[in-house]
Amino acid sequence: VLNINSGTVLSPIIVNSSGTLNWIGGLLTRNLTQDQGSQVSMSGGLLLGDWNIASNALANFKGGTKYFSGSLTNKGTANWSNGDIVVYDLIGAYPKAGPIVNENGGIWNIQCDANLQSYNNGTNTYFQNLGTVVKTGKYGNTQILVYYRNQGQTIVESGNLIFGYGAMLSSSFTAKP
């Protein structure tokens, strides 16, 4: 188990199978890679590199606001239970921020009423779903404030999923009453 509470990490992090990373805050300046069977819980902080979540890996987004200045690719399970997610695309400083891609076979569980948003609406700041996105747990609003490309399955079981910057829903979209 590795715990990061604050400070700056200058090297890449690889969370091996059966490994756990608890990221409460701080700055990661390089890539974060999760192998199959690994678990990462993020409560806050800024990632300057890319985050790759392997199939059969688990990522939990909880607590405060989380900032990403690279891409986030999910092939496993991502549980978003609390706090905003910000694609931090500061012009000039982080021009490659985004996208967030939920790959084929990936599951993105939205279990909160929060925002997924861009800091500056750059060209890579979009959410592409090729797997399954499910909104459950809360009955309020979750806002996707980046362009949403759905080529997989999006299911709203409770509450509202609001696409504030447009959406392409070229595949399955289900909203339950």
Side-chain angles (χ1 to χ4, degrees), residues 4 6 9 13 15 21-34 38-54 57-91 93-103 106-138 140-150 152 154-156 158-167:
I4 300 174
S6 63
V9 177
I13 293 179
V15 184
L21 168 63
N22 297 312
W23 184 10
I24 297 167
L27 172 66
L28 298 183
T29 63
R30 301 287 188 259
N31 293 344
L32 172 59
T33 302
Q34 283 186 254
S38 66
Q39 179 175 329
V40 173
S41 292
M42 182 182 187
S43 301
L46 168 60
L47 175 64
L48 297 183
D50 298 328
W51 186 344
N52 294 299
I53 305 164
L58 176 64
N60 294 307
F61 303 103
K62 55 188 184 175
T65 302
K66 293 143 288 289
Y67 296 90
F68 299 99
S69 287
S71 64
L72 191 156
T73 303
N74 177 44
K75 294 179 181 177
T77 299
N79 294 319
W80 177 21
S81 62
N82 197 2
D84 289 348
I85 296 174
V86 178
V87 179
Y88 195 62
D89 55 332
L90 188 61
I91 292 178
Y94 311 115
K96 295 183 179 182
I100 297 174
V101 179
N102 189 47
E103 291 280 0
I107 300 170
W108 188 279
N109 292 312
I110 303 171
Q111 304 164 333
C112 60
D113 298 331
N115 298 323
L116 189 153
Q117 61 196 18
S118 168
Y119 182 81
N120 203 43
N121 298 316
T123 57
N124 285 336
T125 56
Y126 59 88
F127 187 111
Q128 182 171 12
N129 178 40
L130 302 167
T132 302
V133 172
V134 182
K135 163 85 166 87
T136 62
K138 300 282 185 170
N141 297 328
T142 296
Q143 297 187 84
I144 307 294
L145 300 172
V146 297
Y147 189 72
Y148 186 81
R149 299 176 183 173
N150 184 54
T154 300
I155 304 165
V156 179
S158 62
N160 302 303
L161 191 55
I162 298 168
F163 304 108
Y165 283 84

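Model, not experiment: these values are computed from the prediction. One-based numbering along the sequence shown. All values below were derived from every heavy atom in this structure, side-chain atoms included, with hydrogens, water molecules and symmetry-related copies excluded.
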Looking at every non-hydrogen atom in both residues, tell me the closest pair between Q34 and A59 and how far apart they are.
OE1-CB, 3.8 Å
Heavy-atom pair of closest approach, residues G159 and V156:
O-CG1, 3.4 Å
Side chain to side chain contact (heavy atoms under 4.5 Å, CB included) between T142 and L116: does it pass, once the steps are laid out?
CA-CA 8 Å; T142 296; L116 189 153; over 6 Å; no
Pairwise distance CD(Q117) to CZ(F127) - rounded to 0.5 angstrom:
14.5 Å
Can you measure from CG (L27) to CG (L48) and round to the nearest 0.5 angstrom?
4.5 Å
Indicate yes or no: at least one non-hydrogen side-chain atom of V15 is less than 4.5 angstrom from one of L32.
yes
Compare every heavy atom of K62 with every heavy atom of S41, then report the nearest pair and how far apart it is.
CB-CE, 3.8 Å
Distance col, row N82:CG vs Q111:CD, nearest 0.5 angstrom, shows 10.5 Å
How far does CD1 of I85 sit from CG of L145, to the nearest 0.5 angstrom?
12.0 Å
Judged by modelled atom types alone, do Y165 and T125 share a side-chain donor-acceptor pair under 3.5 Å?
no
Working note: V133 + Y148, criterion side chain to side chain contact (heavy atoms under 4.5 Å, CB included); need CA distance, chi angles, decisive distance, verdict.
CA-CA 11 Å; V133 172; Y148 186 81; 3.5 Å; yes
Donor-acceptor under 3.5 Å (K138 side chain, T136 main chain)
no
W108 and F61: CA distance, side-chain angles, deciding distance, side chain to side chain contact (heavy atoms under 4.5 Å, CB included) verdict:
CA-CA 11 Å; W108 188 279; F61 303 103; 3.9 Å; yes
Please report the shortest heavy-atom distance between R30 and L47, naming the atom on each side.
O-CD1, 3.3 Å
Can a side-chain donor-acceptor contact be found between N141 and D113 if the only test is distance below 3.5 angstrom?
no
Can you check whether T65's main-chain N or O pairs, donor with acceptor, with D84's side chain at less than 3.5 Å?
no
Backbone N or O of V9 within a donor-acceptor pair of the T29 side chain at under 3.5 Å?
yes
In this structure, CG of L161 is separated from OG1 of T154 (nearest 0.5 Å) by 7.0 Å
Minimum heavy-atom distance between G83 and A114, given as atom pair plus value
O-CB, 3.5 Å
Run the numbers on L46 and S69 for side chain to side chain contact (heavy atoms under 4.5 Å, CB included), then give the verdict.
CA-CA 7 Å; L46 168 60; S69 287; 3.8 Å; yes
Given D50, which of T73, N31, L72 fulfils the side chain to side chain contact (heavy atoms under 4.5 Å, CB included) condition?
N31
Identify the two heavy atoms, one from S81 and one from C112, that lie closest to each other, and give their separation to 0.1 Å.
O-CB, 3.3 Å
CD1 on I4 to CG on L21, rounded to 0.5 Å
5.0 Å
Donor-acceptor pair, side chain of N102 and main chain of T132, under 3.5 angstrom:
yes
